[in-house]
Amino acid sequence: MALMTGEQYIESMRKLNLQVYMFGKKIDNVVDDPILRPSLNSVRMTYDLAQMPEYEDLMTATSSLTGEKINRFTHIHQSTQDLINKVRMQRLLGQKTAACFQRCVGMDASNAVFSTTYEIDQKYGTHYHENFKKFLTRVQQNDFTVDGAMTDPKGDRGKAPHAQDDPDLYLHVVERRPDGVVVRGAKAHQTGFINSHEVIVMPTIAMREADKDYAISFCCPTDAEGIFMIVGRQSCDTRKLEGAPMDTGNPEFGGTEALVIFDNVFIPNDQIFLNGEVEFAGMMVERFAGYHRQSYGGCKVGVGDVLIGAAALAADYNGCAKASHIKDKIIEMQHLNETLFGCGIACSALGKPTKSGNYLIDLLLANVCKQNVTRFPYEIVRLAEDIAGGLVVTAPSEIDLRDPKIGPYVDKYLKGVSSVSTENRLKVLRLIENLCLGTAAVGYRTESMHGAGSPQAQRIMISRQGNLEMKKELAKKIAHIEE
Ligand code: SF4
Ligand code: FE
């Protein structure tokens, strides 16, 4: 089965024995939980679209490992065109879900681990690359969703992993056995872990010799013994329990993050991709972060398309679409959004093959892409709120609108142009609320800041990759400076 249908994906998730906690309780039926289900629907879209002939080029690829047709989310990029198609696919998914569809993390981890394991093996004669190819072949053949887990809780940011007062604040090896290792620690902000079959765990920072036990990368099933998840709260999350779907703004789709605990998890030798070769921890981090910073030039742009459309609809419904300042604000939103897309495409077009043969994005441009993502969605959100008006945060609930006694008043006094129902006007305002400050603000606004690394992480990479010395030489030559 090279490609699963959306329905098969949902049923496959039902079979997992995930340990999920939320509001202090263990969730027995993760798949049908009303708070969690929208995030599963977003991942499902990566399966549904792959079944549709019109999206075949973007959503599927030919496996470099088996020659079979696979979902692009499990693909190892073979060309700059593959890198470009990845970003276009992510924009499409953002447009269809207006949420984080989660499956990119595993794709980005796979491509980073593929090339890094090749280079570790070259230096040390290890077998990590073979381990990884075996894992990925299984992922491709079963069309699994894979999470990529990088971010450790990190405790005191001024101390290295081994120097923390609590040694578990970075995930590490606590026992070495002939047949594998036992790991303990946690991974924070885990997008999509709950909706994944497997996880690729990677270190979170570059490391030195003293951090040897922390330089560990591996894969395992998300329901492996010793793993459990604590779901993160989102603004307005319990609205999904109120029986008023309109108030959620996006009744069908969403995202989920969780704190994932690895409580003495056994990892067999053939699932290990890095084990103590400290100098390669930095390479794995840099490549994964680079790929995921490229990803934001696709997914956030797709969600931005929905927000821009919603703002333009709100202007129509308010009767102010023809005002010149409104038109100009919508142009500005589009300009910002397409600039992000331009960066995502540019870092893909200038990608290069790694030693292992897969394609890596241009790291400087990928970091510039993500740096812009830490800013532009905030301005797009500001403009959307400006255009939508204060009703975004003051409108009564759907339950009031449906109430036989007060509903008619809500309907009468919150009407905009007479050709549009109050209900539709409120729906679009709720969608804007959802994207700017509700559950999807995790996936659009604040994730734009911190997802794939906070802004300073990109600035460090820009300073490393920017080749300032070359630029000084250019200036000297033009000014005829001789030293
Ligand atoms: Fe994919 Fe974007 Fe979500 Fe990352 S934030 S997993 S790139 S949708
Ligand atoms: Fe993300």
Tell me whether the centres of the aromatic rings in Tyr291 and His77 are closer together than 6.0 Å.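 Centroid separation for Tyr291 and His77: below 6.0 Å.
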Aromatic centroids of Tyr47 and Tyr9 separated by under 6.0 Å: yes
Within the 4.5 Å heavy-atom criterion, are [X] and [Y] side-chain neighbours or not?
| X | Y | value |
| --- | --- | --- |
| Arg233 | Met22 | no |
| Pro455 | Met449 | yes |
| Gln465 | Glu286 | yes |

Passes side-chain contact (heavy atoms from CB on, under 4.5 Å), Ile76 versus Ser110? Steps please. CA-CA 7 Å; Ile76 295 296; Ser110 292; 4.3 Å; yes
Expected output: side-chain [X] to main-chain [Y] donor-acceptor under 3.5 Å:
| X | Y | result |
| --- | --- | --- |
| Thr354 | Asn358 | yes |
| Asn337 | Val301 | yes |
| Asn131 | Asn269 | yes |
| Ser217 | Val201 | yes |
| Gln371 | Gln456 | no |
| Thr74 | Asp143 | no |
| Gln102 | Ser39 | yes |
| Asp211 | Tyr214 | no |

State, without any angle test, whether [X] and [Y] hold a side-chain donor-acceptor pair at a distance under 3.5 Å.
| X | Y | value |
| --- | --- | --- |
| Thr222 | Glu198 | no |
| Arg103 | Thr145 | yes |
| Asn85 | Asp57 | no |
| Lys86 | Ser295 | yes |
| Asn434 | Thr439 | yes |
| His129 | Asp121 | no |
| His172 | Asp213 | no |
| Arg37 | Asn41 | yes |
| Arg430 | Thr248 | no |
| Tyr170 | Lys159 | no |

Let's go through Ile267 and Val265 carefully: what are the C-alpha distance in whole Å and the side-chain angles of both, what is the deciding distance for side-chain contact (heavy atoms from CB on, under 4.5 Å) to 0.1 Å, and is it a yes or a no? CA-CA 6 Å; Ile267 307 297; Val265 178; 3.9 Å; yes
Here's one to test your reading of the geometry: is the NZ or CZ of Arg91 within 45 degrees of the ring axis of Phe341 and under 6.0 Å from its centre?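 Yes, Arg91 lies over the aromatic ring of Phe341.
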Say you draw a straight line from [atom1] of [X] to [atom2] of [Y]; how long is it, rounded to the nearest 0.5 Å?
| X | Y | atom1 | atom2 | answer |
| --- | --- | --- | --- | --- |
| Thr46 | Lys96 | OG1 | NZ | 14.0 Å |
| Glu447 | Cys100 | CD | SG | 5.0 Å |
| Leu93 | Phe73 | CG | CZ | 4.5 Å |

Charged N to carboxylate O under 4.0 angstrom, [X] versus [Y]?
| X | Y | answer |
| --- | --- | --- |
| Asp82 | Arg72 | yes |
| Lys123 | Glu279 | yes |
| Lys69 | Glu56 | yes |
| Asp386 | Lys329 | yes |

Determine, step by step, whether Tyr359 and Gln78 satisfy the side-chain contact (heavy atoms from CB on, under 4.5 Å) criterion, reporting the C-alpha distance in whole Å, the side-chain angles of both residues, the deciding distance to 0.1 Å, and the verdict. CA-CA 6 Å; Tyr359 270 65; Gln78 300 298 305; 5.5 Å; no
Can you tell me which residue among Tyr128, Phe114, Phe132 is in a ring-ring contact (aromatic ring centres under 6.0 Å, His included) with Phe273?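 Of the listed residues Tyr128, Phe114, Phe132, the ring-ring contact (aromatic ring centres under 6.0 Å, His included) partner of Phe273 is Phe132.
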What verdict does the side-chain contact (heavy atoms from CB on, under 4.5 Å) test give for Val381 and Tyr444, after you've listed the backbone C-alpha separation in whole Å, the side-chain angles of each residue and the deciding distance to 0.1 Å? CA-CA 9 Å; Val381 160; Tyr444 186 63; 3.7 Å; yes
